[in-house]
Amino acid sequence: MFGVRLPRLAGRTGAAVATALAVALTLGACGSDSQAPKASGTGGGPTTVRVGITSSINNATMNLAIDGKLGDAHGISLRRQNIAGAGSTNQVAALLAGDVDVAVGGTNTVIDAIAKGADVQIIAGMAPLLFSLTMRNEAAQKTGVAPDAPIENRLRALKGLRIAVSPSGSTGNIVLRTILEGVGLKPDTDVRFVPLNDLGAIPAGLIQGTFDASFAAVGSGEVAVAQGKAVTWVSLPKGDVTSLKDYQGIVTYASRSYIEKNPDTVKAVHDALNDGQKMTVDQPDKAAELLKNNIFKEMDKAVFDNMWAQCKSAYPAGSNFTEVNWKTLVTLFDATSENDYAALKYDKLVAPVARGN
C-alpha cells in the first residue's frame, strides 16, 4: 500500500489546518516564554511539569508516568492538565498559549504546526497511532465482506459509508484519508466523514445508526463492540495496515525556548516516558492496573480488556523519535500534505534528547 505518489493538494485539509494553527500561533504570541518559569520547583523540591494531555490509550505511556509517579526518580513531578476537545490542535494551542509546559498529541498536527511557524520540537516518541475502525453490524453485513478478509478488501468496503472521525486537520483525520487513498478511494467523495469534537459520542452514534463506522482511539468504538452492536473492522495497533509499521503517530513536544531553558527537565520527561514504555513491556499487568484505576476507571472492564489486548504490544522500544520514524512519515504523508515535509530538517523538528537512527 501507499506505493503511488500523489500530487500535493494544498486544499485537501489546508483550510482547516491553517485556521486551527493560526489560532494556536496567535495564542502562542501571548507568551509561552513568559510562563515557562512556572515549571520550576521551589525549595529544592521536584520540578513541576504541566502536561497537556487527553484521556486516551494513545497517551498511555505519559499517563503511566504521571499516575505511576515515574518522574520522581528523575527529579520531576508530572502534573496532568486535561485538554478538552478532539484533535491535537487543541494541545498545540494550549502549549503555545503557555497553559502547559509539554504536550502530548498527534505527530502530523505537531509537524504541521512547525511548518506553519510554531517554534516547538518533539522531545519524545510515544506510540504508533492506536486507532481502530469499528463498524455497525448492519453496515458490515451490507458490505458483503468479512471482518477477517484481506485488509485491502475491508478498506475498499468502506466506500459509501458515513465514518465518524476527529476534525479536519487532526492526525486521526489525516491518517484515515491516507489509508483510504492507499487503496484507491477518494476520501472527499467515496466516503462521508462525520467530524466529531467529542469522540465520546461514538458509541451512541454507532448503536443508533447516526453513522456507519468510526475511526478513533481504541476503546471508543469498542464500547459498541462489547454490546454486540459493532465489530472491529481495522486495528492499527494489531498491525492491520503494514505500511504504518514505523510510523510514530503520538509524540510529546515542547517549545524550543522551554527546551533550551530547561534541558535537565526535558531529559527527565523523556526518561520518565521511557520508564512508562518499559512498564508496558516488563510489567503489562501493572501498567493495565494503573491505567484502569486512573484514566479508565469509568470504562467497562470488557471494553478495557479488549482495548489493552489490542494495544499492549504496540508501544515502541524506547522513547526516541528516530530518523526512520521521520522518513516513514514523509513517505506516507508528504505527497498529499499542503506542507512540504521533505523540505523540513529532522534536526530542526526533533530535540537532541529524542534523536536516534
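Nothing here was measured: the structure is a model prediction, and the numbers come from that model. Residues: numbered from 1 along the sequence shown.
- Taking the side chain as every heavy atom from C-beta outward, V104 and Q91 never approach each other to under 4.5 Å.
- Between T107 and L129, every side-chain heavy-atom pair lies at or beyond the 4.5 Å cut-off.
- Partners of Q81 according to the side chain to side chain contact (heavy atoms under 4.5 Å, CB included) rule, which considers only residues two or more places apart in sequence or in another chain, are R50, R79, V100.
- Counting only distance, with no hydrogens or angles, the side chain of S214 and the backbone of A216 share no donor-acceptor pair below 3.5 Å.
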Side chains of residues 120-128: which donor-acceptor pairs under 3.5 Å do they make with residues two or more places apart or in other chains?
from: Q121; atom 1: NE2; to: K348; atom 2: O; distance (Å): 2.9

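- I66 and L130 are not part of a single hydrophobic cluster, where members link through side-chain heavy atoms under 4.5 Å apart.
- With contacts defined as side-chain heavy-atom distances shorter than 4.5 Å, the pair M279/L70 qualifies.
- Heavy-atom minimum distance, L155 versus L180: O-CD2, 4.5 Å.
- Contacts of P203 classified as side chain to side chain contact (heavy atoms under 4.5 Å, CB included), with partners at least two apart in sequence or in another chain: V223.
- Listed by first then second residue, pairs satisfying salt bridge (charged side-chain N to carboxylate O under 4.0 Å, His left out) with a partner in residues 201-218 read R162-D212, not counting sequence neighbours.
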Original post:
Is there a ring pair (Phe, Tyr, Trp, His ring centres under 6.0 Å) between F321 and Y253 once you walk through the steps?
Top reply: CA-CA 11 Å; F321 185 83; Y253 54 98; over 10 Å; no
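- To the nearest 0.5 angstrom, Y315 atom OH is 7.5 Å from N58 atom CG.
- The CZ atom of R177 lies 12.0 Å from the OG atom of S337; values are rounded to the nearest 0.5 Å.
- Shown here are the ring pair (Phe, Tyr, Trp, His ring centres under 6.0 Å) partners of F211, two or more places apart in sequence or in another chain: there are none.
- Shown here for N108 and T171, the closest heavy-atom pair between the two residues is N-OG1, 3.4 Å.
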**OP:** Please test Q310 against N306 for side-chain hydrogen bond (donor to acceptor under 3.5 Å, both in side chains), starting from the C-alpha separation and ending with a verdict.
**Re:** CA-CA 6 Å; Q310 288 189 59; N306 181 330; 2.9 Å; yes
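- Residue pairs meeting the salt bridge (charged side-chain N to carboxylate O under 4.0 Å, His left out) criterion with at least one member in residues 310-328: none, sequence neighbours excluded.
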Subject >> Residue pair Q277, T61: steps toward the side-chain hydrogen bond (donor to acceptor under 3.5 Å, both in side chains) verdict >> reply: CA-CA 6 Å; Q277 184 278 332; T61 51; over 6 Å; no
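- In this structure, T322 and N357 approach most closely via the heavy-atom pair CB-O, 3.0 Å.
- Both I259 and I111 are part of a single hydrophobic cluster, where members link through side-chain heavy atoms under 4.5 Å apart.
- Applying the salt bridge (charged side-chain N to carboxylate O under 4.0 Å, His left out) test to pairs two or more places apart or on separate chains, those with a residue in residues 277-301 are K301-D305.
- Between atom CG of residue N63 and atom CD1 of residue I295 there is a gap of 3.5 Å, rounded to the nearest 0.5 Å.
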Original post:
For L64 and T280, what are the C-alpha separation, side-chain angles and deciding distance, and is it a side-chain contact (heavy atoms from CB on, under 4.5 Å)?
Top reply: CA-CA 9 Å; L64 288 172; T280 68; 3.7 Å; yes
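- With hydrogens and angles ignored, the 3.5 Å screen pairs a side-chain donor or acceptor of N173 with a backbone N or O of S166.
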**OP:** With side-chain contact (heavy atoms from CB on, under 4.5 Å) as the test, would you mind laying out the steps for F296 and W308 before giving the verdict?
**Re:** CA-CA 11 Å; F296 300 109; W308 188 238; over 6 Å; no
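- Side-chain contact of N339 with D112: a donor-acceptor pair under 3.5 Å is present, judged by distance alone.
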Subject >> side-chain contact (heavy atoms from CB on, under 4.5 Å) between D334 and D340, intermediate numbers included >> reply: CA-CA 6 Å; D334 179 55; D340 188 358; 3.6 Å; yes
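- Looking at every heavy atom in both residues, T143 comes nearest to A157 through CG2-O, 3.7 Å.
- V324 and V175 are not part of a single hydrophobic cluster, where members link through side-chain heavy atoms under 4.5 Å apart.
- No option in T252, T265, N320 other than N320 meets the side-chain hydrogen bond (donor to acceptor under 3.5 Å, both in side chains) test with H270.
- Side-chain atoms of N59 come within 3.5 Å of backbone N or O of T54 as a donor-acceptor pair.
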Subject >> Test side-chain hydrogen bond (donor to acceptor under 3.5 Å, both in side chains) applied to D275 and H74, step by step >> reply: CA-CA 10 Å; D275 291 345; H74 305 285; 2.7 Å; yes
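- There is no side-chain donor-acceptor pair under 3.5 Å between T134 and S132.
- A side-chain donor-acceptor contact under 3.5 Å links N262 to the backbone of Y258.
- The backbone N or O of Q248 sits nowhere less than 3.5 Å from a side-chain atom of N325 that would complete a donor-acceptor pair.
- Applying the ring pair (Phe, Tyr, Trp, His ring centres under 6.0 Å) test to pairs two or more places apart or on separate chains, none has a residue in residues 169-210.
- Among residue pairs with one or both ends in residues 119-168, those qualifying as ring pair (Phe, Tyr, Trp, His ring centres under 6.0 Å) are F131-F215; sequence neighbours excluded.
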Subject >> Stepwise side-chain contact (heavy atoms from CB on, under 4.5 Å) check, I163 with V194 >> reply: CA-CA 6 Å; I163 306 176; V194 182; over 6 Å; no
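- Nearest heavy-atom pair across A164 and L196 is CB-CD1, 3.7 Å.
- Residues V218 and L291 share a hydrophobic cluster, clusters being chains of Ile/Leu/Val/Met/Phe/Trp/Tyr side chains in contact below 4.5 Å.
- In this structure, the side chain of E181 does not engage the main chain of K186 through any donor-acceptor pair within 3.5 Å.
- Every residue two or more places apart in sequence or in another chain that forms a side chain to side chain contact (heavy atoms under 4.5 Å, CB included) with R154 is listed here: V145, A149, I151, W233, D240.
- The line from OG of S55 to CG of L199 is 12.0 Å long, rounded to the nearest 0.5 Å.
- To the nearest 0.5 angstrom, I202 atom CD1 is 11.5 Å from T210 atom OG1.
- Residue pairs satisfying the salt bridge (charged side-chain N to carboxylate O under 4.0 Å, His left out) criterion with at least one member in residues 63-72, sequence neighbours excluded, are listed as follows: D67-R80.
- Distance check: S319 OG to L273 CG gives 5.0 Å after rounding to the nearest 0.5 Å.
- Checked by atom type and distance alone, the side chain of T178 pairs as donor or acceptor with a backbone atom of I174 at under 3.5 Å.
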Please list every donor-acceptor pair under 3.5 Å in which a side-chain atom of residues 225-232 meets a protein atom from a residue at least two apart or in another chain.
from: T232; atom 1: OG1; to: E222; atom 2: OE2; distance (Å): 3.4

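- The minimum heavy-atom distance between L78 and A65, with the atom names listed, is CD1-CB, 3.7 Å.
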